[in-house]
2 protein chains.
Amino acid sequence: MGIKGMRTVPETGIRKRRILDAAELLFAEHGYDGVTLRKIAADADVDVALTNYHFGSKDGLFRAVFERRAVVLNQARLDALDACLKAAAPYAPTLEDVIEAYLRPLGDIQSSADDGWRHYLSLVAWVNSSTEWGNELMTAYFNPYVQRFIEALRSALPEADEKALHWGYQFMSGALTLTFADTRRMDRLSDGAASSGDAVTGYAHMIPFIAAGFERICGPKSGEDKPLDQ
Amino acid sequence: MGIKGMRTVPETGIRKRRILDAAELLFAEHGYDGVTLRKIAADADVDVALTNYHFGSKDGLFRAVFERRAVVLNQARLDALDACLKAAAPYAPTLEDVIEAYLRPLGDIQSSADDGWRHYLSLVAWVNSSTEWGNELMTAYFNPYVQRFIEALRSALPEADEKALHWGYQFMSGALTLTFADTRRMDRLSDGAASSGDAVTGYAHMIPFIAAGFERICGPKSGEDKPLDQ
DNA sequence: GTCTATATGTTGATAGAC
DNA sequence: GTCTATCAACATATAGAC
């Protein structure tokens, strides 16, 4: 086989991969309905029919894109969380350490030069705020990990009210999601003082911001912290 | 004119309004590309051609929907902010009062029975995290108001770093946006302990959470690390 | 203002040659 | 695995009768 200059490694998967990469970026930027298979194929520089050949349908392609990096991302975050818990053992980890273990891997990705991963985070942000896909995909792929994280939060905030804990997670998830989406609106709003592209500064502020929020509503003194008349 | 049982009030605008209402809900739920004019017309119980007659194009309809409530919403929030500033004068308002002035009107809308307004907030959430519409529409309609709010924040946090202030606003905006989106994911995640439909509890937690976050990264003691009871 | 009819293009998907 | 050719369905938008 080798003789006539033919590849000995099969190039199988090269086009399939290019489709995934192109779809990843386009879905992240425009959402599911804002993208056509033709545009994906054009950006991937392959024939339109290949998208259906490899993934069956547009729906199948979208799921394949989402699934591709979900497992490895969860594992990385799980490792960070475990390291944090082990470092603190036999005591409970501090709140800020738990938050940091949750956010740091994402911050590292976002400030990295890896376009694929950055686009993926953007896609996750879109899915997370989508009523159609969010419930199914986020629940299926990320809930088990999120549960572990909330457990860690609970151990760092032993007197936390269960409701407050989940609302706090919701706020953190929202702050994170908008940061991923990277709409560049902050740049104009702040007249250049702050840039949404500056992920390093973003996460440096986000970790203490979120930690303080949790402390306030879930802290040991959360009992008398009923700000509202209800 | 009255004689033959004809309406003396022109029914002009009834169908136009129904189109706006139907479009508002559908755009909020599925985004711009996830909705067809046919579906909007069907839900509004009018002919498809009417959508183009009244609004020129799908783009025009979308803008009309967004614009309809933007002005009145901004005015309501401006009033709340002014009331907060006046109540504190001649001193600077407290941080929590400013945050409350910003969030309270939204919380009131979301926990109200007014479907139209609730759908509108959902639409704003979608626009806010959209790369295609967010920059243009949010900037045009909401930036002037947001600037005023950030000014008020600045007066409550006199030593705030400008960058931190804007990042804090970004986190607040994200938390707010995801709460508007109301994907119901929290319900399952918390196994029923917390419900995203419970806006009253949500905002009751959100106000202190966000205030604590701002204090931590923008507070007078932001250099050090004063977690609680400061 | 409202409807019928239609123009004109695009969509996701497939069948079949290579 | 990849491409050509093609389908039926559906999209937005408009022209013209009422």
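As the structure is a computational prediction, the values presented were derived from the model and not from experiment. Every heavy atom of this structure was used, including side-chain atoms; hydrogens, water molecules and symmetry mates were not. Labels below follow one simple rule: chain letters A, B, ... track the order of the sequence lines, proteins then strands, and each chain is numbered from 1.
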Checklist entry - In whole Å, what is the span from the CD1 atom of A/Ile14 to the C1' atom of D/dT2? => result 14 Å
Item to check | Rounded distance in Å - CG (B/Asp47) to C1' (C/dT2) | outcome: 7 Å
Next on the checklist: Please report the distance, rounded to the nearest Å, between CD1 in A/Ile40 and P in C/dT10.
Outcome noted: 17 Å
Item to check | Quiz item: cation-pi between B/Lys16 and B/Phe55, 6.0 Å / 45° | outcome: yes
Checklist entry - Between the side chain of A/Asn135 and the main-chain N/O of B/Thr183, is any donor-acceptor distance below 3.5 Å? => result yes
Checklist entry - What pair of heavy atoms forms the shortest contact from B/Lys163 to A/Thr201, and how long is it? => result CD-CG2, 3.9 Å
Item to check | Interatomic distance where CZ belongs to A/Arg17 and C1' belongs to D/dG1 [whole Å] | outcome: 18 Å
Checklist entry - Which of these passes side chain to side chain contact (heavy atoms under 4.5 Å, CB included) with B/Leu26: B/Leu123, B/Asp21, B/Ile40? => result B/Ile40
Item to check | Distance, rounded to the nearest Å, where B/Leu26 contributes CG and D/dA11 contributes P | outcome: 13 Å
Checklist entry - In whole Å, what is the span from the CG atom of A/Asp45 to the P atom of D/dC3? => result 9 Å
Next on the checklist: Pairing donors with acceptors under 3.5 angstrom, does anything connect the side chains of A/Asp187 and A/Ser196?
Outcome noted: yes
Checklist entry - Bend across the helix from C/dG1-D/dC18 to C/dC18-D/dG1, to 10°, with axes taken over 5 pairs at each end? => result 0°
Next on the checklist: Is there a side chain to side chain donor-acceptor pair (under 3.5 Å) between B/Asn143 and B/Gln147? Walk through the geometry before answering.
Outcome noted: CA-CA 6 Å; B/Asn143 264 22; B/Gln147 298 282 14; over 6 Å; no
Checklist entry - Does B/Trp133 have its ring centroid less than 6.0 Å away from the ring centroid of B/Phe66? => result no
Next on the checklist: B/Tyr203 and side-chain hydrogen bond (donor to acceptor under 3.5 Å, both in side chains): which single residue from B/Gln110, B/Arg104, B/Glu100 fits?
Outcome noted: B/Gln110
Next on the checklist: Using a 4.0 Å heavy-atom cut-off to protein, can you give one letter per nucleotide of nucleotides 12-18 of chain C, 5' to 3': B if the base is in contact, S if only the sugar-phosphate is, - if neither?
Outcome noted: BBB----
Next on the checklist: What is the separation between atom NE2 on B/His54 and atom C1' on C/dT2, rounded to the nearest whole Å?
Outcome noted: 8 Å
Next on the checklist: Classify the ring geometry of B/Trp117 against B/Tyr120: parallel below 30°, tilted from 30° to 60°, perpendicular beyond 60°.
Outcome noted: perpendicular
Checklist entry - Between C/dG1 atom P and B/Lys16 atom NZ, what is the distance in whole Å? => result 7 Å
Checklist entry - Does OP1 or OP2 of C/dG1 have a side-chain N or O of B/Arg15 closer than 4.0 Å? => result no
Next on the checklist: Just N and O in the side chain of A/Arg18: are any of them under 4.0 Å from OP1 or OP2 of D/dT2?
Outcome noted: no
